[in-house]
Protein chains: 2
Amino acid sequence: MLSNSSKYAIKGVLYLALNSDEDHKVMVRDMHGVVHVPEAYLAKLLQELSRHGVISSTRGPKGGFFLSKEDRKRSLMDIVKVIDGEKRVKSCVLGVKDCDTDQPCVLHKLVGANKSKFIKVLENTTILDLIEGKRDVEEFFPV
Amino acid sequence: MLSNSSKYAIKGVLYLALNSDEDHKVMVRDMHGVVHVPEAYLAKLLQELSRHGVISSTRGPKGGFFLSKEDRKRSLMDIVKVIDGEKRVKSCVLGVKDCDTDQPCVLHKLVGANKSKFIKVLENTTILDLIEGKRDVEEFFPV
DNA sequence: CATAAAAAGGATAAAAATGTCTTTTAATCT
DNA sequence: AGATTAAAAGACATTTTTATCCTTTTTATG
Ligand code: FES
Ligand code: FES
C-alpha cells in the first residue's frame, strides 16, 4: 500500500515535527540515525518534500530542514502523494484501476470499505494530530 | 500491502475456480489473456502455488492447472503467504517489524484496526466464498 | 569578501520485483 | 516404444525501487 520510501518520509517528517521549528532547523546528518533511514536516501526524500512545499528547508550554515506552523497542518496523504503518487495508494486490491469505480472487483465489497477508511485516515490525520502531547521521541521510530 | 505478483496469483486462482476442475484442466496459454497477466509470469506464479499445494496441476497432454475440491477451501491468505510471505502483509505501516506487538507505532491506533481487519478478510475468505453463485467471468478481472 | 555549512541536483550503483526464454520431466496417445 | 504435449525448473533480461556519491548552488557568518 505504502512504499518503503513513503514510510521513510513519514518518519522523517515526524522527527522534524518533534525536533524542529523555524529557529531550530535540523540536518539530515543528525536525524537519520534516530529514524533508521540511510542518510543520503532520507536527504533525497526530504528534498523532494521540500520542493513540493510539504516541509521547509534553508541552505547554508544554521540551515537544515524544519516544519513551519503551516507545514504541521499537512496531512499524511500530502506526504504520500509526493513520494508515491495518489494513484498507487488508491488503486484496487486486485489491479491497477482506481477503486470505487462503477465496476468494483470481487474483493471490493470485502476490503473496499477498509481501504477507503485507511485513505480517509491518511487524508484527515495531520502531523500535528500525531505528535500532540508526545515528547518521547523513541516510541515514534520502531525498528 | 499486496504485491503485484500476489494480485496476479489471486486472479489466476479465481480464473481456475471458475473454469477448471479435476476433469477440465486449463493451460496458462488459455487463461493469461482473460486475467491480464503475462503468460510466462503467470505460469511461474501458478507453478509456485502448485509446488506449495495451494492449487493442483498435471503435466502432459490434457494436463494443466486446476483446483481440486480441497483447493477451493483455501483462503486468500494461503495464496498471499506463498507469493509474498506472511511477514510482508502483516508488517507495520511505518516499518518492517510485525504489527500488534507490545510496542505499536504512532500510526497503529489509527490504522492498526483496519489492517488487522484486512488480514482477517484474507484469512477467512476462501476461494469458494468468492465465486459462489457467480459465473460472469469478466466482472472478475478488471483491467 | 572569504569561507564554511548545508541543501539541491545529478550520475551512478545495488537490490528487488517483474518478466522472458530454454531445457527438462512427466503424462497421454498413437 | 515413440511422438507429442504441457507443466516444472531454472537461467537470463528488464524495470522499478532503494541507496550512494559527488558536484553545484545557496546562505550565514566572521
Ligand atoms: S475495485 Fe478492487 S478493491 Fe475496490
Ligand atoms: S505497529 Fe505500526 S501499524 Fe501496527
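In what follows, every chain begins at residue 1, and chains take the letters A, B, ... in the order their sequences are listed. No hydrogens, no waters, no symmetry mates; every other heavy atom, side chains included, goes into these values. Since this is a predicted model, take the numbers as computed values, not measurements.
- A close approach under 4.0 Å does occur between a side-chain nitrogen or oxygen of B/Ser5 and OP1 or OP2 of C/dT18.
- Between B/Glu123 and B/Ser75, the shortest heavy-atom distance links the atoms O-CB, 3.2 Å.
- No option in B/Val13, B/Val26, B/Val28 other than B/Val28 meets the side-chain contact (heavy atoms from CB on, under 4.5 Å) test with B/Phe65.
- In terms of position on DNA chain D, the residue among A/Lys62 and B/Gly64 whose nearest nucleotide sits closer to the 5' end is B/Gly64.
- Heavy-atom nearest nucleotides on DNA chain D were determined for A/Tyr8 and for A/Gly60, and the one closer to the 5' end corresponds to A/Tyr8.
- To the nearest angstrom, P of C/dA8 lies 10 Å from CG of A/Leu49.
- Taking the side chain of B/Arg51 as heavy atoms from C-beta on, and the options C/dT28, D/dA9, D/dT27, the nearest nucleotide is D/dA9.
- One can place CG of A/Asp84 at 11 Å from C1' of D/dT17, the figure rounded to the nearest angstrom.
- B/Phe66 places its CZ atom 12 Å from the P atom of D/dA7, with the value rounded to the nearest Å.
- Rounding to whole angstrom units, CZ of residue A/Arg29 and P of C/dA5 are separated by 8 Å.
- You'll find that the side chain of A/Phe65 is closest to C/dA8, out of D/dA8, D/dT20, C/dA8.
- Between the base of D/dA7 and the side chain of B/Gln47 there is no donor-acceptor pair shorter than 3.5 Å.
- The list of side-chain hydrogen bond (donor to acceptor under 3.5 Å, both in side chains) pairs with a residue in residues 112-121 of chain B, not counting sequence neighbours, is empty.
- Remark: A/Arg59 is not in phosphate contact with C/dA5, judged by side-chain N or O atoms under 4.0 Å from OP1 or OP2.
- Remark: C1' of D/dA9 and NE2 of B/His52 are 14 Å apart, rounded to the nearest angstrom.
- Among the protein residues, B/Lys44 comes within range of the nucleic acid bases, having at least one heavy atom under 4.0 Å from a base atom.
- Put simply, CD1 on A/Ile55 is 13 Å from C1' on C/dA8, counting in whole angstrom units.
- Looking at heavy-atom distances under 4.0 Å, A/Val26 makes contact with sugar-phosphate atoms alone, never a base.
- When the P atom of C/dG9 is taken as reference, atom CG of A/Leu46 falls 14 Å away, rounded to whole Å.
- Taking each heavy atom of A/Glu39 and A/His32 in turn, the nearest pair found is OE1-CE1, 3.5 Å.
- At the heavy-atom level, A/Gly63 lies under 4.0 Å from the strands shown only through sugar-phosphate atoms.
- In this structure, A/Ser50 reaches the C/dA8 phosphate: one of its side-chain N or O atoms is under 4.0 Å from OP1 or OP2.
- In the set D/dA19, C/dA8, C/dG19, the nucleotide with an atom closest to the side chain of A/Ser57 is C/dA8.
- Side-chain atoms of B/Tyr41 lie closest to C/dT18 of the nucleotides C/dT18, D/dT5, C/dG9.
- For the 3.5 Å distance criterion, the side chains of A/Thr101 and A/Asp98 fail to qualify, holding no donor opposite an acceptor.
- By the 30° and 60° cut-offs, the orientation of the rings of A/Phe141 relative to A/Tyr15 is tilted.
- A residue-by-residue look at B/Glu39 and B/Lys25 shows that B/Glu39 has its nearest nucleotide of DNA chain C further toward the 5' end.
- Look at CD1 on A/Ile83: it is 15 Å from C1' on D/dT16, rounded to the nearest Å.
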